[in-house]
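Keep in mind that what you see is a predicted model, and the values were worked out from it rather than measured. Quick note on labels: first sequence line is chain A, next is B, and so on, each numbered from 1.
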Amino acid sequence: MREDGAGLRVGRIVEVEAYGGQEDRASHARPGRTRRNASMFGPPGHAYVYRVYGMHRCLNVVTGPDGAASAVLIRAVEPVVGIELMRVARLERALASRRPDRLDPAAAGHRLAAIPVHRLAAGPALVAAALSVDLADGGGDLLDPARSLRLEPALPAGPPVQVVVGRRVGVASAGEPWASVAWRFAVAGSPSLSKPLLPGS
DNA sequence: AGTTGGATGGTCT
DNA sequence: GACCATCCAACTG
């Protein structure tokens with residue numbers, strides 16, 4: 001969730017990927033500690049935020065003990081509270097990009113208004129955009145209730161969910177077994193997944 | 001409905 | 001100089 005001057009944004013995490021640490025050839029931790037991945041090597045429960053493809057940001061939760069550099073990438077979130085704030089945040093980030101096709105604010109706003117709620121954060125960079133996650137959030141304690149960006153326990157009394165597993169996305173060049181290990185986890189049938197995850201893939 | 005290619009910049013070889 | 005833990009518009013059929 002994100003709580004700031006504009007209000008409250010809450011999303012339910014429906015898709016994640018696990019990254020194992022330095023031995024995981026698909027992990028940013030593979031080359032060892034660098035300035036970019038430093039927060040991965042920090043304490044668990046803190047954020048690791050990185051930039052991909054020069055324009056997008058992605059949010060991870062550090063999971064392993066201090067120094068282990070394992071983490072979980074938040075790949076998709078189902079918007080629950082603050083839908084319009086998420087839409088505004090998506091628009092802000094789209095306009096911040098200098099892509100020619102996104103330069104017209106009116107057109108961009110119109111396109112964004114047409115996106116169904118359940119697709120607003122259906123991808124790792126979309127999660128970061130909808131929650132205004134920036135590199136400055138990296139290293140922050142996601143379990144600190146005083147922080148703007150934080151994790152909360154799942155709502156109690158929800159119906160039990162079925163979890164589906166599959167290969168991680170975009171790591172084909174990592175080599176085996178890292179490219180094929182089933183470390184992508186998703187809520188079965190969620191309409192907010194970054195891409196479908198069928199049982200047995 | 002599925003495929004393709006462009007945007008964009010830090011990081012590592 | 002190449003490579004990306006991506007997204008989306010513009011194609012094809």
Is there a residue in residues 117-130 of chain A whose heavy atoms reach under 4.0 Å of DNA chain C, and which residues are they?
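Those residues whose heavy atoms fall under 4.0 Å from DNA chain C, taken from residues 117-130 of chain A in numerical order, are A/G123, A/P124, A/A125, A/L126.
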Starting at [atom1] of [X] and ending at [atom2] of [N], how long is that distance when rounded to a whole Å?
X      : N     : atom1 : atom2 : result
A/Y53  : C/dC8 : OH    : P     : 14 Å
A/F185 : C/dA5 : CZ    : C1'   : 15 Å
A/E15  : C/dT6 : CD    : P     : 11 Å
A/R25  : C/dC4 : CZ    : C1'   : 15 Å
A/R57  : B/dT8 : CZ    : P     : 13 Å
A/H56  : B/dT8 : NE2   : C1'   : 9 Å
A/R30  : C/dC3 : CZ    : C1'   : 10 Å
A/R93  : C/dT6 : CZ    : C1'   : 13 Å

The side chain of A/R90 lies closest to which of these nucleotides: C/dC7, C/dA5, C/dC8?
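Shortest atom-to-atom distance from the side chain points to C/dC8.
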Within the side chain of A/N37, is there an N or O that forms a donor-acceptor pair under 3.5 Å with the backbone of A/G32?
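Flag set: sc A/N37 to bb A/G32 pair under 3.5 Å.
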Short question: side chain of A/R33, backbone of A/A69 - any donor-acceptor pair under 3.5 Å?
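Checked: no pair found.
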Is it the case that A/R168 places NZ or CZ above or below the six-membered ring of A/Y19, under 6.0 angstrom from the centre and within 45 degrees of the axis?
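Relative to the ring axis of A/Y19, which defines the angle, A/R168 lies inside both limits.
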Under 3.5 Å for both distances, Watson-Crick or G-U wobble, that's the pair rule; now give the dot-bracket for DNA chain C, with | marking pairs to another strand and [ ] for crossing ones.
||||.|||||||.
Atom pair [atom1] ([X]) and [atom2] ([Y]), whose distance is rounded to the nearest 0.5 Å:
X      : Y      : atom1 : atom2 : value
A/R57  : A/L126 : CZ    : CG    : 12.5 Å
A/D137 : A/L131 : CG    : CG    : 9.5 Å
A/W178 : A/S173 : CH2   : OG    : 14.5 Å

Can you find a side chain N or O atom of A/S173 that sits less than 4.0 Å from OP1 or OP2 on C/dC3?
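So the side-chain polar atoms of A/S173 never come under 4.0 Å of the phosphate oxygens OP1 or OP2 of C/dC3.
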Whether A/R111 contacts C/dA9 is assessed here as follows: a side-chain N or O lying under 4.0 Å from the phosphate OP1 or OP2. Is that the case?
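True: A/R111 side-chain N/O within range (under 4.0 Å) of C/dA9 OP1/OP2.
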Should A/V163 and A/I74 be counted in the same cluster of Ile, Leu, Val, Met, Phe, Trp and Tyr side chains packed under 4.5 Å apart?
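Yes, because A/V163 and A/I74 connect within a single hydrophobic cluster, where side-chain heavy atoms sit under 4.5 Å apart.
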Would you say A/Y53 and A/Y50 are hydrophobically clustered, going by side-chain heavy atoms of ILVMFWY under 4.5 Å?
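Shared cluster, yes.
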Are there over 12 heavy-atom neighbours, none belonging to A/Q162, within less than 6.0 Å of that residue's CD?
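No, not enclosed.
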Tell me whether A/R36 at atom CZ has more than 12 heavy atoms from other residues, nucleotides or ligands lying less than 6.0 Å away.
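Atom CZ in A/R36 is crowded, with more than 12 foreign heavy atoms closer than 6.0 Å.
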Is A/Y50 stacked on the base of C/dA5 when the test is centres under 5.5 angstrom and planes under 30 degrees?
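A stacking contact does not exist, since A/Y50 is not both close and nearly parallel to the base ring of C/dA5.
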Going through the distances and angles, do A/R2 and A/S148 end up as a side chain to side chain donor-acceptor pair (under 3.5 Å)?
CA-CA 5 Å; A/R2 168 73 81 184; A/S148 166; 2.9 Å; yes
Under 3.5 Å, which protein N or O atoms sit close to an N or O of nucleotides 10-13 of chain B? Give each pair with its distance.
| from | atom 1 | to | atom 2 | distance (Å) |
| --- | --- | --- | --- | --- |
| B/dC12 | OP1 | A/T34 | OG1 | 3.0 |

So does A/E152 pair up with A/R150, basic N to acidic O under 4.0 Å?
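A salt bridge is present here (some side-chain N lies under 4.0 Å from a carboxylate O).
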Indicate, with a heavy-atom threshold strictly under 4.0 Å, whether A/R75 touches base, sugar-phosphate, or nothing.
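Sugar-phosphate contact only - A/R75 comes under 4.0 Å of backbone atoms but never of a base.
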Could you measure between the two C1' atoms, the one in B/dG10 and the one in C/dC8, and give it in whole Å?
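The answer is 22 Å between these two C1' atoms.
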